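A short worksheet on the structure shown next.
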Amino acid sequence: MEISSTITETEPQKFALPVDSEHKATEFHLFSAAAPHMRAFHLSWISFFSCFVSTFAAPPLLPIIRDNLNLTATDIGNAGVASVSGAVFARIAMGTACDLFGPRLASASLVLLTAPAVYFTSIASSPISFLLVRFFTGFSLATFVSAQFWMSSMFSGPVVGTANGVAAGWGNLGGGATQLIMPLVFSLIRDIGAVKFTAWRIAFFIPALFQTLSAFAILIFGQDLPDGNYQRLQNSGNKQKDKFSRVFYHGITNYRGWILALTYGYCFGVELTVDNIIAEYFYDRFNLKLHTAGIIAASFGLANLVSRPAGGVLSDMMAKRFGMRGRLWALWAVQTLGGVFCIILGQVGSLTASIVVMIVFSVFVQAACGLTFGVVPFVSRRSLGVISGMTGGGGNVGAVLTQLIFFKGSKYSKETGITLMGIMIVCCTLPIFLIYFPQWGGMFCGPSSEKIATEEDYYLSEWSSKEQGKGLHQASLKFADNSRSERGRRVHSQTLPSNATPSANV
């Protein structure tokens, strides 16, 4: 896969890929491992993949685990909620950590800190201990934020949606892969001679080891920014160390971040919910074998191989023609269709129809995730990590609320819960209508006609005049220049300011 932008570099550089004035790659070469851009891409998705495998390693083995630990339906529901609730605040914290310390250290540290919880799953002996290990393992899902931050730091605007979509999509693939991996590992260990109540415990050492190795790979081979790591750049004076209070303030006061957090709660949050319930749903409702239910459930998560990346690609394609307004329209339409198919999934009664509708539903809801993070990088330059963390945390909040309301205990049957979840998706996607960028417009309104409605004014508003006097705003100025592509085809008919880099393709 190769996707080219309309921004070129004005001076020769040592990078393998073409770059813009921030040294962000303007092309995305999927099968390249060129440092630092594509290497960061592969490290980010692999580490996130390992965390997904660990977090959702338990659901495909629940029929065995629940017999061993005497888990009730309420215990299983509580553990499912716990597995995604831990990352709510962890994702917000991760975003801030990325802004201040860089995605490399932030990501590797969290992966290493949560790996012991995966190992400890093998010694869980009660409903409480099972809930606790799932809770602490779920913290690792905050690596999603570092992955998206990393991609937004390495890839330029016209391809950032694609980079974010593929990295997150392939990482989320772990939620489907673990549905295949864990039953297979369990069967192999049992066939070797272990009794089933011992085999499932030993099986957890596989995702735990995988997660540990991915953290060391990031530390050894990763790099925060195209020009180097945060600490080295700060020590050399090439990057200013920002203040936590200002970074946090400009993140939480940007209403666009809160809307994206809400809508993400009902695309990614729904995906997390389905990862927790779908294997058991097919196992119980259609009286399937454990392995068969696992294969069907895996198809939901495995759709991430193409669906979430497709969302990122679609976001970039719409932006190229229609600008930011195209990104917003595509996000609303795709996520709303995901809600419609979720409603249908809860209504169909045959196995074949349920599988078909589930796969179509998975494509739309996962593509919406990719489309969301086609918008996120443009909400704030200074507080990119905080906005990414808020949005990612919103996904986990959505998962927690959805499971508490619809899938905890026996208040609703799973098919009724799925239908109601679809209605929630449709309703919670509507606030996208309210997102408006003065320099680009919103879904129903064009850009502001005022002269001050420029990319520079929008991103420099995050810096005080005193900070600008010290030159702290220079990175935002470069980003504003490179984000002109979000005007869509308007950019071809407007004059660039004297400090902008002319496009070779205009």
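Note that these values count all heavy atoms, side chains included, but never hydrogens, waters or copies made by symmetry. We number each residue from 1, following the sequence as shown. Here the structure is a predicted model, which is why all the values come from computation and not from measurement.
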Checklist entry - What distance separates Leu100 CG from Phe244 CZ, expressed to the nearest 0.5 Å? => result 7.0 Å
Checklist entry - Just by distance, do the side chain of Arg91 and the backbone of Gly392 share a donor-acceptor pair under 3.5 Å? => result yes
Item to check | Tyr119 atom OH: more than 12 heavy-atom contacts under 6.0 Å | outcome: yes
Checklist entry - With a 3.5 Å cut-off and no angle check, do the side chains of Ser21 and Asn482 form a donor-acceptor pair? => result yes
Next on the checklist: I'd like to know if the side chain of Asn164 reaches the main chain of Gly374, judged simply by a donor and an acceptor atom lying under 3.5 Å from each other, with no hydrogens or angles considered.
Outcome noted: no
Item to check | Ring centroid separation Phe49 to Trp170 under 6.0 Å | outcome: no
Checklist entry - Is the count of non-hydrogen atoms from other residues, nucleotides or ligands lying under 6.0 Å from Gln234 atom CD greater than 12? => result yes
Checklist entry - Do Ile218 and Leu105 come within less than 4.5 Å of each other through their side chains, counting heavy atoms only? => result no
Item to check | Stepwise ring-ring contact (aromatic ring centres under 6.0 Å, His included) test for Phe433 and Trp332 | outcome: CA-CA 8 Å; Phe433 294 161; Trp332 172 79; 5.5 Å; yes
Checklist entry - Phe41 vs Trp45 aromatic rings, parallel, tilted or perpendicular, using cut-offs 30° and 60°? => result tilted
Next on the checklist: Could you go through Glu455 and Arg381, starting from their C-alpha distance and side-chain angles, then the distance that decides it, and tell me whether this counts as salt bridge (Lys or Arg N to Asp or Glu O under 4.0 Å)?
Outcome noted: CA-CA 11 Å; Glu455 288 81 1; Arg381 169 60 178 81; over 6 Å; no
Next on the checklist: Tell me if the centroids of the rings in Trp150 and Phe155 come within less than 6.0 Å of each other.
Outcome noted: no
Item to check | Expected output: side-chain Gln148 to main-chain Val145 donor-acceptor under 3.5 Å | outcome: no
Next on the checklist: In this structure, is the centre-to-centre distance between the rings of Tyr230 and Phe101 below 6.0 Å?
Outcome noted: no
Item to check | Where Val53 and Pro207 come nearest, the two heavy atoms and their spacing | outcome: CG1-CB, 3.9 Å
Checklist entry - Does a donor on one side chain and an acceptor on the other come within less than 3.5 Å for Ser50 and Gln211? => result no
Checklist entry - Is it the case that more than 12 heavy atoms not belonging to Trp258 sit under 6.0 Å from its CH2 atom? => result no
Item to check | Among Thr273, Thr402, Thr429, side chain to side chain contact (heavy atoms under 4.5 Å, CB included) partner for Tyr266 | outcome: Thr402
Item to check | Leu131 side chain near Phe136 side chain, heavy-atom distance below 4.5 Å | outcome: no
Checklist entry - For the ring pair Phe144 and Tyr264, is the centre-to-centre distance below 6.0 Å? => result yes
Next on the checklist: Between Thr454 and Asp457, is there a side-chain donor-acceptor contact under 3.5 Å, judged purely by atom types and distance?
Outcome noted: yes
Next on the checklist: Closer than 3.5 angstrom, by distance alone: can the side chain of Thr55 be matched with the main-chain N or O of Cys51 as a donor-acceptor pair?
Outcome noted: yes
Item to check | Nearest-0.5 Å distance that lies between atom CG in Leu331 and atom CD1 in Ile432 | outcome: 3.5 Å
Next on the checklist: Assess, by modelled atom type and distance only, whether the side chains of Ser47 and Ser214 contain a donor and an acceptor separated by less than 3.5 Å.
Outcome noted: no
Checklist entry - Which heavy-atom pair separates Leu328 from Gly442 by the least distance, and what is that distance? => result CD1-CA, 4.1 Å
Listed pairs under 3.5 Å, donor-acceptor, residues 30-40 side chains, sequence neighbours left out:
unit_1	atom_1	unit_2	atom_2	d
Ser32	OG	Ala34	N	3.0
His37	NE2	His23	O	2.9

Item to check | Candidate list Arg256, Glu462, His250, test side-chain hydrogen bond (donor to acceptor under 3.5 Å, both in side chains), partner Ser380, passing option | outcome: Glu462
Item to check | Thr263 side-chain N/O to Leu260 backbone N/O, donor-acceptor pair under 3.5 Å | outcome: yes
Checklist entry - What distance do Gln223 atom CD and Ser153 atom OG have between them, rounded to the nearest 0.5 Å? => result 11.5 Å
Item to check | Any donor-acceptor N/O pair, Arg232 side chain to Asp227 backbone, under 3.5 Å | outcome: yes
Item to check | Spacing of Leu472 atom CG and Gln468 atom CD [to the nearest 0.5 Å] | outcome: 9.5 Å
Next on the checklist: In the structure I gave you, are the side-chain heavy atoms of Val376 and Phe373 within less than 4.5 Å of one another anywhere?
Outcome noted: yes
Next on the checklist: Looking only at side-chain N and O atoms, does Glu271 offer a donor or acceptor that is under 3.5 Å from a partner on Asn304?
Outcome noted: yes
Checklist entry - Looking at Trp463, is Arg382 sitting on its ring face, NZ or CZ under 6.0 Å from the six-membered ring centre and within 45 degrees of the normal? => result yes
Checklist entry - Are Glu456 and Leu477 side-chain neighbours, meaning at least one heavy-atom pair lies under 4.5 Å? => result yes
Next on the checklist: Tell me whether the count of non-hydrogen atoms from other residues, nucleotides or ligands lying under 6.0 Å of CE in Met443 goes above 12.
Outcome noted: yes
Checklist entry - Does any non-hydrogen side-chain atom of Phe437 lie less than 4.5 Å from one of Tyr458? => result yes
Checklist entry - Taking the side chain as C-beta and beyond, is there a heavy-atom pair between Trp440 and Arg484 under 4.5 Å? => result no
Checklist entry - According to the interplanar angle, ranging from 0 to 90°, do the rings of Phe378 and Phe479 count as parallel (below 30°), tilted (30 to 60°) or perpendicular (above 60°)? => result tilted
Checklist entry - Between atom CE of Met151 and atom OG1 of Thr162, what is the distance when rounded to the nearest 0.5 Å? => result 12.5 Å
Checklist entry - Closest approach of Met390 and Gly251, non-hydrogen atoms and distance? => result SD-O, 3.6 Å
Item to check | Side-chain touch Leu141/Leu272, heavy atoms, less than 4.5 angstrom | outcome: yes
Item to check | Contact summary for Phe130 and Ala58, nearest pair of heavy atoms | outcome: CZ-CB, 3.9 Å
Checklist entry - Taking C-beta and beyond as the side chain, do Ser85 and Asn396 meet within less than 4.5 Å on heavy atoms? => result no
Item to check | Which atom of Leu302 lies closest to which atom of Ala177, heavy atoms considered | outcome: CD2-N, 3.8 Å
Checklist entry - Within a radius of less than 6.0 Å around CZ of Phe216, do more than 12 heavy atoms belonging to other residues, nucleotides or ligands occur? => result no
Checklist entry - Does a donor on one side chain and an acceptor on the other come within less than 3.5 Å for Thr26 and Asp20? => result no
Item to check | Stepwise ring-ring contact (aromatic ring centres under 6.0 Å, His included) test for Phe444 and Tyr436 | outcome: CA-CA 9 Å; Phe444 297 106; Tyr436 180 80; over 10 Å; no
Item to check | Rounded distance (nearest 0.5 Å) linking atom CG of Leu262 with atom SG of Cys427 | outcome: 10.5 Å
Item to check | Side-chain donor-acceptor contact under 3.5 Å, Ser315 with Arg327 | outcome: yes
